[in-house]
Amino acid sequence: MPTQQQVEQNSGQFEVHDPTILAGARRIIEACQSLEEMQAAVVAAVKRNEEWRGQRCINLLAPEAPTSPTVRALLASEVGTRAAEGHIGAVNRWFAGTQYIDEIEALCMELLKKAFRANYADHRLIASMIGNMTVYTALAEPGDIIMSAAQPVGGHSSNRPDGPAGVRGLNIVDIPFDPVELEVDLDLFRRMAPLVRPKLVTLGLSMTLFPFPIRAMHDIVAEWGARIFFDGAHQLGLVAGGQFQDPLREGAAVMTGSAGKTFSGPQSGIIVWDDPALTEPMTHAIFPVLAATHQVNRVAALAVSAAEMITFGQAYMAQIVRNAQALGAALQERGIPMLGSHKGFTRTHQTIANVRQFGGGLEVAQRLARANLITNKNLLPDDQPADWDRPSGLRLGTIEVTRLGMKEAEMETIAAFIGRVLVENEAPESVLEEVIEFRLPYQTVYYCADNGLPA
Ligand SMILES: *Cc1c(COP(=O)(O)O)cnc(C)c1O
């Protein structure tokens, strides 16, 4: 139990976090008599997650990927305790003793270039958010106008007023978007852009189903020297595996993205570009502006995941997309309305359900989680700002189930579980045991040196 003093101290204290969960942690710490007990409390929570989320859940979160055993092992490597800021090479570093770190970082950078067929790559972004801030620092000035997509059509906060783009002081105009075709409204963009004259146009979405008209948009804005920035947070693996459009080849000046989404590496950021004129501003924005110590253990893990993408990216990503299409079709067949059903559901790793009639995204995601089916609530194009905490959509991604070796037939089974809970109104608890039984045989990760391709 917390002491009287703590209750008083904390009851008047503003918290954005759930105060009940924080109070629970304080109670545990209060009851601990030693380091060993505090340590055991942390380790036990990690273990509970590993057994539940890692072994007994069907994880359909679109931004998560299981890493290979080698990548995971490297995250705990000795080099993770070493500080190496600056650029690669003795004269570019503050610290001596970095010759092997230089080797690791150079391998990572060259593997990233190869994976994305790009002239330049950087490995020092601890998150894709930092990658986007790098672009807004290097290629825009406070007061500049940019265009990006709003959240309800899939846009991400990092490119909006409430994220790095806003903090950088940019003026943000919405890219017109067709809410039915789930694509940029190119005709409207063609008319709007010359009036707005943005310095940058940010493409790439969190809710992302279909490709973007990058080339056409590039040609429109090139007239006044503007650039296309592709935020490929979600699509990076698909791009590397040749299963989506190739933004750098289609006119994007720079691409950022999350290493831990489809790319299936350690959670962090990646940035690539081709034009040598961008190298100085971009690398200066990374160091010394936005990154110092950049976790060399993570860099080593990222290097291996890039090698995995070079080797298995095509097969792995093609199966991810086939699985997403199969899952979308199977859910629609069971009476769950899916976005883009008139055009094959998706060309990515995601498929989006409209679950308004089943109680909305928040309620549905919580209900499915009681059956160990992990998804996320998602805004839909016709959701209003008032709906943001309780949006109408549900996003389902196929990265993890694919890396565990599942194919189209297994997507049918997963859709059946979801249909029983949502459409047939079965209690999640009555589906739970079958979900666990279905999941338990899939405990191996494929598309890596340890396992290769599933049969
Ligand atoms: C997830 C996401 C980000 C942020 O990526 P992190 O790796 O979590 O920092 C940025 N942009 C888009 C479009 C995203 O979906």
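For reference, positions follow the sequence shown, starting with 1. Remember, predicted model here, so these are calculated numbers, not experimental data. Remember, it's 1-based here, ligands and their atoms both numbered in the order they're listed.
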Who passes side chain to side chain donor-acceptor pair (under 3.5 Å) against Asp144, sequence neighbours left out?
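Counting only residues at least two positions away or on another chain, Asp144 forms a side chain to side chain donor-acceptor pair (under 3.5 Å) with Lys199.
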Scan side-chain atoms only and decide if Thr256 and Asn132 contain a donor-acceptor pair under the 3.5 Å cut-off.
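Result is yes, a qualifying pair exists.
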I'd like to know if the side chain of Arg322 pairs up with that of Gln319 as donor and acceptor (distance under 3.5 Å, no hydrogens or angles considered).
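Per modelled atom types, Arg322 and Gln319 side chains form a pair under 3.5 Å.
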Contacts of Tyr100 that satisfy ring-ring contact (aromatic ring centres under 6.0 Å, His included) - sequence neighbours left out:
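Scan of Tyr100 (ring-ring contact (aromatic ring centres under 6.0 Å, His included), adjacent residues dropped) gives none.
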How far apart are the closest heavy atoms of Tyr442 and Leu404, and which atoms are they?
CD2-O, 3.4 Å
Which N/O atoms of ligand 1 sit under 3.5 Å from a protein N/O, and at what distances?
unit_1	atom_1	unit_2	atom_2	d
ligand 1	5 (O)	Ser258	OG	3.0
ligand 1	7 (O)	Ser128	N	3.2
ligand 1	7 (O)	Ser258	OG	2.8
ligand 1	9 (O)	Ser128	N	3.0
ligand 1	9 (O)	Met129	N	3.0
ligand 1	11 (N)	His156	ND1	3.4
ligand 1	11 (N)	Asp231	OD1	3.4
ligand 1	11 (N)	Asp231	OD2	2.6
ligand 1	15 (O)	Ser206	OG	2.7
ligand 1	15 (O)	Lys261	NZ	3.1

Among residues two or more places apart or on two chains, list those pairs meeting side chain to side chain donor-acceptor pair (under 3.5 Å) that have a residue in residues 120-129.
His87-Arg124, Glu105-His123, Asp122-Arg124
